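The model shown is predicted, which means the values in this text are computed figures rather than measured ones.
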Amino acid sequence: MDLKNRPDISYIANLIKPGERVLDLGCGYGELMLILKNKGVRVQGIEKDDKCIIQCVKKSLYVHHGDIDDGLKHHLDHSFDFVILNQTIQQTLNPGDIIKECLRIGKQVIIVFPNFSHWQIRTSILLSGKTPVTDLMPFHWYDTPNLHYLSGKDFEDFCEFERIKVLHRAFFNRTRQIKLFPNLFATLALFVIRA
Amino acid sequence: MTTSESNEFFHGSVGIVHTQIISFDSFTLEGGETITPLEIAFETYGTLNEKKDNAILVCHALSGDAHAAGFHEGDKRPGWWDYYIGPGKAFDTNRYFIISSNVIGGCKGSSGPLSTNGKTGKPFQSTFPFVSIGDMVNAQEKLIRHFGIHKLFAVAGGSMGGMQALQWSVAYPDRLKNCIIMASSSEHSAQQIAFNEVGRQAILSDPNWNQGLYNQENRPSKGLALARMMGHITYLSDEMMREKFGRKPPKGNIQSTDFAVGSYLIYQGESFVDRFDANSYIYVTKALDHFSLGTGKELTKILAKVRCRFLVIAYTSDWLYPPYQSEEIVKSLEVNAVPVSFIELNNPAGHDSFLLPSEEQDSILRDFLSATDEGAFF
């Protein structure tokens with residue numbers, strides 16, 4: 001499916017207005033940034049893979065070659081309308097610290113991550129007794145970039161404990177938004193939070 | 001390492017080129033002294049379009065000159081950035097009008113210690129006034145104005161050339177659209193000044209030095225060669241040196257060099273003496289050491305005035321201008337919401353990487369220039 005039509009991507013694109021300033025952490029090949037840029041959003045990214053940077057420059061996107069685990073200190077408080085962590089947070093070393101840093105530099109933070117409590121993952125662990133390898137997380141324990149596994153509910157708990165305000169929550173599978181028992185049926189969880 | 005011959009992404013040549021010299025009545029340096037006349041040696045490649053909006057200024061590093069691409073009559077080796085300048089190359093001469101000028105204070109045709117002092121009829125040598133990176137850029141601006149160019153499509157450079165490009169963005173914020181800074185820094189660290197100081201002291205301690213008023217027949221060649229040897233060590237990476245020379249061949253010779261790397265450095269030093277002036281070496285390294293836009297908040301404040309897009313390239317193996325210095329510039333630009341792309345290339349060649357062929361570098365320079373938009377940022 002065209003990325004633009006993916007429900008999670010269009011949900012993000014609808015949240016952000018032209019002229020707003022966005023920082024995309026772990027922007028990959030810049031697909032989301034390009035969609036936002038074409039909408040008139042002032043977007044910049046950070047990415048650690050140099051092949052991705054080269055592709056972003058080709059798309060006329062502005063990217064910083066670096067590792068978000070090394071810090072975002074230089075960015076001023078609330079200097080971005082949105083900070084996006086699109087399927088990045090589970091790959092960082094210190095997700096808690098990074099989220100707090102995002103809340104400092106962004107007026108709002110959009111976090112999207114693979115939902116570890118999806119029923120296929122639950123049954124896979126239950127039946128096979130092994131770390132699950134699924135479409136969404138197609139890696140083995142020894143070669144995965146994902147360092148953390150969390151569910152929608154885990155994230156809710158984190159926000160409650162840290163007194164982070166959840167502005168929106170939405171859940172998706174590949175083709176549509178999931179509203180019924182999302183923690184069981186959604187492959188992706190999306191939260192919009194602010195300090 | 002790849003070579004130009006084996007790679008299809010480095011093809012065309014601009015062919016035979018000539019260095020030209022332009023003369024302006026006078027020029028006042030940042031220090032207040034006036035040079036009369038100001039001479040600038042330059043080369044151009046490609047054609048300036050009618051709107052005069054396709055010009056790219058490329059700025060050279062310490063020992064470079066105006067000869068950036070193509071061949072001088074009879075030369076076997078092309079200009080210093082021939083991998084990247086030419087028809088179909090990253091700096092595509094079919095699209096852009098490329099200008100390269102020798103910096104003032106240099107010794108390759110622009111006003112500098114070798115220029116004749118009108119009052120004495122003799123070369124200035126060490127009586128030439130102090131020259132800054134800002135002065136080099138102001139002289140380039142005169143040249144650009146001579147072409148009737150109000151706004152450069154881009155200013156690009158590596159090492160000292162990167163400092164000039166950065167200075168352009170601050171000194172003439174409305175006169176450039178794109179700024180490309182490679183293997184460079186917003187100011188020298190104590191370590192970088194230290195390397196330059198050793199080089200200068202080698203020249204100053206040469207028996208022929210004579211306070212810089214040396215006889216052209218008996219120049220401080222040994223000192224200059226030593227300075228160049230020192231420099232060359234810092235331009236290469238540990239990995240590159242190991243690959244190129246290893247430890248071969250240790251013969252236990254006490255009286256002369258017995259390692260391949262030693263012979264290489266001696267050769268580099270000796271051949272440099274034939275093409276560079278010792279005074280110029282001192283003027284240009286001083287300009288480098290004195291250049292300072294600051295770091296951190298100070299740099300951020302200075303860069304608040306820039307109005308162009310930036311591409312900053314660093315190299316993991318560059319220990320002379322380590323990537324953190326490039327990142328310092330990038331961070332200050334980001335705080336100012338300036339559109340900037342930063343990449344740290346994993347090229348093994350050390351500081352000299354920006355001069356050498358690399359497919360990634362080619363593609364990133366090419367794409368950054370072609371993808372130019374007016375930008376949603378400003």
Is there a donor-acceptor pair closer than 3.5 Å between any side-chain N or O of A/S60 and the backbone N or O of B/F368?
-> no

In terms of heavy-atom contacts, A/V57 and B/A371 come closest through O-CB, 3.8 Å

d(A/K59 NZ, B/D367 CG) to nearest 0.5 Å is 10.5 Å

In this structure, CG of B/N336 is separated from OG of A/S79 (nearest 0.5 Å) by 11.0 Å

Reported NZ-to-CD distance for the pair A/K51 and B/E360, which is rounded to 0.5 angstrom | 7.5 Å

For the student: nearest non-hydrogen atoms of A/Y62 and B/S341, plus distance = CA-OG, 3.4 Å

Does any heavy atom of chain B fall under 4.5 Å from the side chain of A/L23, the backbone, both, or neither of them?
-> neither

If one checks every heavy atom of A/L76 against chain B at 4.5 Å, the contacting part turns out to be side chain

Parallel, tilted or perpendicular: ring planes of B/F342 versus A/H65, cut at 30 and 60 degrees | tilted

Measure the CD-CG distance between B/E344 and A/D50 for me, rounded to the nearest 0.5 Å.
-> 9.0 Å

Correct closest heavy-atom pair for A/R21 and B/E334 would be NH2-O, 3.4 Å

NE2-NZ distance between A/H64 and B/K331, expressed to the nearest 0.5 angstrom = 6.0 Å

